[in-house]
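Right, one structure below, let's go through it.
In what follows, chains carry the letters A, B, and so on, assigned in the order in which the sequence lines appear, proteins first and then strands, with residues in each chain numbered from 1.
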Protein chains: 2
Amino acid sequence: MARVTMADVAREAGVSTMTVSNVLNERLPVNEPTRARVMAAVAALGYEVNLTARHLRAGRTDTVAFIVPSFHDYFGEIADKIAPLIEADGRHLVLERTSASPEHEMAALSVARLQYYDGVLLSVAGLDRDQLDRVRTPKPIVLLGERDVPDRFNHVRLANEEGARLATAHMIEHGSRRILALGCTFDTAHMMSSDRRAGWERALRDAGLDVDARHVVPVSTYTSAAGRDALLDVIASGLPFDGVFAVTDVIALGAIAALAESGLRVPVDVQLAGFDNLDMANFVPPGLTSVDADHEGVAETAVGLLRRQMAGWTGPAEHVVAPVSLVVRGSTRGGA
Amino acid sequence: MARVTMADVAREAGVSTMTVSNVLNERLPVNEPTRARVMAAVAALGYEVNLTARHLRAGRTDTVAFIVPSFHDYFGEIADKIAPLIEADGRHLVLERTSASPEHEMAALSVARLQYYDGVLLSVAGLDRDQLDRVRTPKPIVLLGERDVPDRFNHVRLANEEGARLATAHMIEHGSRRILALGCTFDTAHMMSSDRRAGWERALRDAGLDVDARHVVPVSTYTSAAGRDALLDVIASGLPFDGVFAVTDVIALGAIAALAESGLRVPVDVQLAGFDNLDMANFVPPGLTSVDADHEGVAETAVGLLRRQMAGWTGPAEHVVAPVSLVVRGSTRGGA
DNA sequence: AAGCCGCATTTTATCGATAATATGACGGCA
DNA sequence: TGCCGTCATATTATCGATAAAATGCGGCTT
């Protein structure tokens, strides 16, 4: 089971290892008869290059990492969009996960691990600005996600506030007056949900409605189960409401379950809108109105920024806010 | 930006590189004063080990790959179960995807790429038995998935036929007589859907019902959209049915959409059951009855087999069939 | 006092490839 | 005939770490 090395191929073909290397990498020209002998030896021995050795010497892995909090849902969908873009450049995408804990995220960012990659896309979930500021890596890196990040990093995030405003305004326009912000929070440390709360709030103010703090309903985790439980608690408390803006589609799905269990009809009794426009939003009856985060566009932007850095660009970092739009479906009254 | 190497640390601490290595890896004992100087130098210079160099020399990466057809849904959920098990051994999990095409899968399996990992979990989607037989890798590897594989590979798959039988029998028991097999096929090359069709068929025969080939409804891809379209076609054709066994939950979700659009009530007019018991099955009203594939158990079994190989075991490969069970929810009439 | 042992540390060789440089053969030209 | 340039191929040095063997030194035995 001893691995076949370039030296074995060289011996078999009666040439030096450099000639083998030159044949395989087409760096220096090699005469046709020699090349043929080398190729024959490669085939006969079943030689394959040792990528680790190449990396150590040549400093290139042709591999890009996408580091995510979890492999689930949103990140899985984004990753499937990113992969073909990376592969189009002849590189390879791998996913790592951080469990959304700051320690894991720091570990994934340790310079040691980053060395395996030519570039890194990092979906920031657990790290705050100060922690990120401590990350000193010479590798090309692009951050994704709804946190505040140091200026020196390239960063792509969504128009969170605008998305939430759109969704909420749409429900107001179609008659809702007491709209819950499910999964939102006043805690500014968690930017995604506080930005989205801000958008919800702005829509209410724009419409001249007042903002009731009881309508901001936090969740324990960003899961459907937590969303359902939180909404069931609200229903049990008797607090009246006629609309729900869920901070993500995953939480909106939990809300759908809670409303169905409680006999509240969507959209007749309660309108509902989510955020992310996951694939399932199309199919869960009556169709989930959702803010479309344009995964495809986010993926292209992020990969574009990364590609530029990998090509040697060293200009100032960019901070892109990806536009959002509202996809209206049956869970709100504007739908067909 | 020149990287700090072990030699830099050694110079700073006034020792040899081997002493630095011994301090960091705790291989040979080092006197306390020396160790302290080394640690101080490491901290002062911000040294981090070069994992590529370590790999080349020591032949170990402490990394395991899970190679999947896509990052979506089922695979994302499984991966989230596998990751902690790998991490428990002090190793690291990364995901690669193959796009379910045989070429990509072969590329991911090329010995070259496998060298990056200490072990590989491969979810077989595109490769048939012959192609797999050509894969000659010295690395520990465990296959997952519903295909037929060569004996020499460790393999974990689900009790597909039994799961389909359970789901179908359950719907028969609660009154369905014409049950579609949505996403199933007679094509034996695709073992997952033909095995599940066999289970559906057996349940029908066990109940003394006859098997109507028109009830086997193929889908173009394993997506919700394809499931919905296929079922809408059936409905439009006028073929009567009162139950749907969907080959996966993702397809079942498409079926839910199609039924809702067509004004058919679940479970009153049509009962519906899926396969995989994805998280969303809990939340989509009225709750999706589904065959639970025991992700947790599958993950543990697969990682156990892999761990054994990585520890040096060379005994015969095992072929494990993971048991399944039916989780009854509101989409069938046995539910609460 | 010579010899031996255990311990801490250093030296040497190596993993497998490749960049940079060197060699050598051959043809052209004066 | 002798010198030079060109092209193909070979040598050498190196990437950064680590396994294995070597060194050196104080203490203990007899």
Side-chain angles (χ1 to χ4, degrees), chain A residues 1-39 41-42 45-63 110-116 118 138-139, chain B residues 1-39 41-42 45-63 110-116 118 138-139:
Chain A
M1 201 57 71
R3 298 260 312 118
V4 179
T5 74
M6 203 170 253
D8 298 326
V9 175
R11 196 173 319 113
E12 172 88 7
V15 297
S16 73
T17 62
M18 271 319 290
T19 299
V20 177
S21 176
N22 285 330
V23 168
L24 296 178
N25 298 302
E26 299 179 340
R27 241 171 60 91
L28 300 182
V30 176
N31 270 5
E32 187 45 39
T34 313
R35 140 184 249 94
R37 282 216 315 288
V38 169
M39 293 308 282
V42 165
L45 301 179
Y47 169 77
E48 298 205 49
V49 67
N50 181 323
L51 294 173
T52 302
R54 169 182 289 172
H55 179 201
L56 179 61
R57 183 70 243 249
R60 162 182 52 98
T61 62
D62 296 325
T63 302
S110 82
V111 177
R113 289 213 56 80
L114 291 187
Q115 291 177 324
Y116 273 136
D118 288 350
K139 291 279 171 174
Chain B
M1 199 59 73
R3 299 259 312 116
V4 179
T5 73
M6 203 170 252
D8 298 326
V9 175
R11 196 173 320 113
E12 172 88 8
V15 297
S16 73
T17 61
M18 269 319 290
T19 299
V20 177
S21 176
N22 285 329
V23 168
L24 296 179
N25 297 301
E26 300 179 340
R27 241 173 59 92
L28 299 181
V30 175
N31 269 5
E32 186 46 38
T34 313
R35 139 182 248 96
R37 283 215 315 288
V38 169
M39 292 309 281
V42 164
L45 301 180
Y47 169 77
E48 299 204 49
V49 68
N50 181 322
L51 294 174
T52 301
R54 169 181 290 171
H55 178 200
L56 180 60
R57 183 70 243 249
R60 160 182 54 98
T61 61
D62 296 325
T63 302
S110 83
V111 177
R113 290 215 53 83
L114 292 187
Q115 293 178 323
Y116 273 135
D118 288 350
K139 291 280 171 172

A/E26: what forms a side-chain contact (heavy atoms from CB on, under 4.5 Å) with it, not counting sequence neighbours? A/R35
Does B/R60 have any side-chain hydrogen bond (donor to acceptor under 3.5 Å, both in side chains) partners at least two apart in sequence or in another chain, and if so, which? B/D62
By side-chain contact (heavy atoms from CB on, under 4.5 Å), B/T5 pairs with (sequence neighbours left out) B/A7, B/D8
Considering all heavy atoms, the nearest B/G14-B/R37 contact: O-NH2, 4.0 Å
Terminal axis angle for the helix from C/dA1-D/dT30 to C/dA30-D/dT1, five pairs an end, nearest 10 degrees: 70°
Given atom CD of B/Q115 and atom P of C/dC15, what is their separation to the nearest angstrom? 15 Å
Specify whether B/Y116 and B/H55 have parallel, tilted or perpendicular ring planes, treating 30° as the upper limit for parallel and 60° as the lower limit for perpendicular. tilted
Restricting to side-chain hydrogen bond (donor to acceptor under 3.5 Å, both in side chains), what partner residues turn up for A/S21, sequence neighbours left out? A/N25
For A/V30, the option from A/L24, A/V20, A/N22, A/V15 that meets side chain to side chain contact (heavy atoms under 4.5 Å, CB included): A/N22
Polar atoms only, N or O, under 3.5 Å: list the protein pairs with nucleotides 17-21 of chain C and their distances.
from: C/dA17; atom 1: OP1; to: A/Y47; atom 2: OH; distance (Å): 2.5
from: C/dA17; atom 1: OP1; to: A/N50; atom 2: N; distance (Å): 3.1
from: C/dA17; atom 1: OP2; to: A/M6; atom 2: N; distance (Å): 2.5
from: C/dT18; atom 1: OP1; to: A/N25; atom 2: ND2; distance (Å): 3.4
from: C/dT18; atom 1: OP1; to: A/R54; atom 2: NE; distance (Å): 2.9
from: C/dT18; atom 1: OP1; to: A/R54; atom 2: NH2; distance (Å): 3.3
from: C/dT18; atom 1: OP2; to: A/S21; atom 2: OG; distance (Å): 2.9
from: C/dT18; atom 1: OP2; to: A/N25; atom 2: ND2; distance (Å): 3.3
from: C/dT18; atom 1: O2; to: A/R57; atom 2: NH1; distance (Å): 2.6
from: C/dA19; atom 1: OP2; to: A/R27; atom 2: NE; distance (Å): 2.6
from: C/dA19; atom 1: OP2; to: A/R27; atom 2: NH1; distance (Å): 2.9
from: C/dA19; atom 1: OP2; to: A/R27; atom 2: NH2; distance (Å): 3.2

Measure across B/S16 and B/A10 and return the closest heavy-atom pair with its distance rounded to 0.1 Å. C-CB, 3.7 Å
How many Å lie between CD on B/E26 and P on D/dT18, as a whole number? 13 Å
Ordered by number, residues from residues 29-36 of chain B within less than 4.0 Å of DNA chain C (heavy atoms) are B/P29, B/V30, B/N31, B/T34
Tell me, please, which residues at least two apart from B/D118 pass side-chain hydrogen bond (donor to acceptor under 3.5 Å, both in side chains). B/T61
Between A/G14 and A/L56, which is nearer to the 5' end of DNA chain D once each is assigned its nearest nucleotide? A/G14
Return the CG to CD distance between A/N50 and B/Q115, rounded to the nearest 0.5 Å. 4.5 Å
